[in-house]
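The structure appears right after this line, and notes come after that.
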Amino acid sequence: MAEAHQGRMQNAVEEMVQNLERDHIRTMQGRMFRCSAECCERKTASMSQVHECIERCHTPLAKAQGLVTSELEKFQDRLTRCTMHCNDKAKDLFDSGAKDPAVRALMDKCVGSCVDDHLNLLPSMTHRLKQNLESIPQ
């Protein structure tokens, strides 16, 4: 992917992830640590009971991180498929005798279109992730 297009995409995804982390994940991390500390304060609990308690505390955060990771992987896969399609179109154009500048122009336009399309998907993906994160039982 051309550097400018890659930078636009990377900045948008990083901003989305940072917002999710700040508004949702960080709150869950705080709950997890407080819950884990409470487990450790149970003086009458056995070592295995404390361990099980801590594992239960970690479950919501692990689910949240898994959701975000899965959604980002699907998004990346879709973007990769789109750019691979651009590569195929560029190769076909090059094989048909087109000169390098024409192939580069087609590739840049095609990849730019992929990036634009996928940037437009970010708001709905963010909304879906927020809903899913909020639905995780604490």
Mind checking whether [X] and [Y] have side chains closer than 4.5 Å, heavy atoms only?
| X | Y | value |
| --- | --- | --- |
| Ser36 | His58 | yes |
| Pro60 | Pro137 | no |
| Val115 | Cys82 | no |
| Arg78 | Arg81 | yes |
| Leu72 | Met16 | yes |
| Met125 | Leu122 | yes |

Just verifying a value: how many Å separate [X] [atom1] and [Y] [atom2], rounded to the nearest 0.5 Å?
| X | Y | atom1 | atom2 | answer |
| --- | --- | --- | --- | --- |
| Ile25 | Met32 | CD1 | CE | 11.0 Å |
| Gln131 | Ile136 | CD | CD1 | 12.5 Å |
| Asp100 | Met107 | CG | CE | 12.0 Å |
| Lys63 | Met28 | NZ | CE | 9.5 Å |
| Glu21 | Leu133 | CD | CG | 11.5 Å |
| Cys110 | His5 | SG | NE2 | 9.5 Å |

At their closest point, which heavy atom of [X] faces which heavy atom of [Y], and how far apart are they?
| X | Y | value |
| --- | --- | --- |
| Ala45 | Val50 | CB-CG2, 3.8 Å |
| Leu119 | Ala12 | CD2-CB, 3.4 Å |
| Cys40 | Ile54 | SG-CD1, 3.8 Å |

**Prompt:** Hey, is Asp95 close enough to Lys91 for a salt bridge, meaning N to O under 4.0 Å?
**Reply:** yes
**Request:** Taking only Lys NZ, Arg NE, NH1 and NH2, and the carboxylate oxygens of Asp or Glu, determine whether Asp116 and Arg8 approach each other closer than 4.0 Å.
**Result:** yes
**Request:** Check step by step if side chain to side chain donor-acceptor pair (under 3.5 Å) holds for Gln76 and Thr80.
**Result:** CA-CA 6 Å; Gln76 179 63 47; Thr80 299; 3.1 Å; yes
**Message:** Run Asn19 and His24 through side chain to side chain donor-acceptor pair (under 3.5 Å) and show every step you take.
**Reply:** CA-CA 8 Å; Asn19 289 337; His24 297 280; over 6 Å; no
Taking [X] for the side chain and [Y] for the main chain, is one N or O donor matched with an acceptor at less than 3.5 Å?
| X | Y | result |
| --- | --- | --- |
| Glu73 | Ser70 | no |
| His51 | Met47 | no |
| Thr69 | Gln65 | yes |

**Test side chain to side chain donor-acceptor pair (under 3.5 Å) applied to Glu14 and Gln18, step by step** = CA-CA 6 Å; Glu14 282 178 8; Gln18 286 175 359; 5.0 Å; no
**Request:** Tell me, yes or no, whether the heavy-atom count around Arg104 atom CZ, taken from other residues, nucleotides or ligands under 6.0 Å, exceeds 12.
**Result:** no
hydrophobic_cluster_shared for [Y] and [X], side chain cutoff 4.5 Å:
| X | Y | result |
| --- | --- | --- |
| Phe33 | Leu61 | yes |
| Leu106 | Phe94 | yes |
| Met84 | Phe75 | no |

**Request:** May I ask you to check whether the SG atoms of Cys35 and Cys57 are separated by less than 2.5 Å?
**Result:** yes
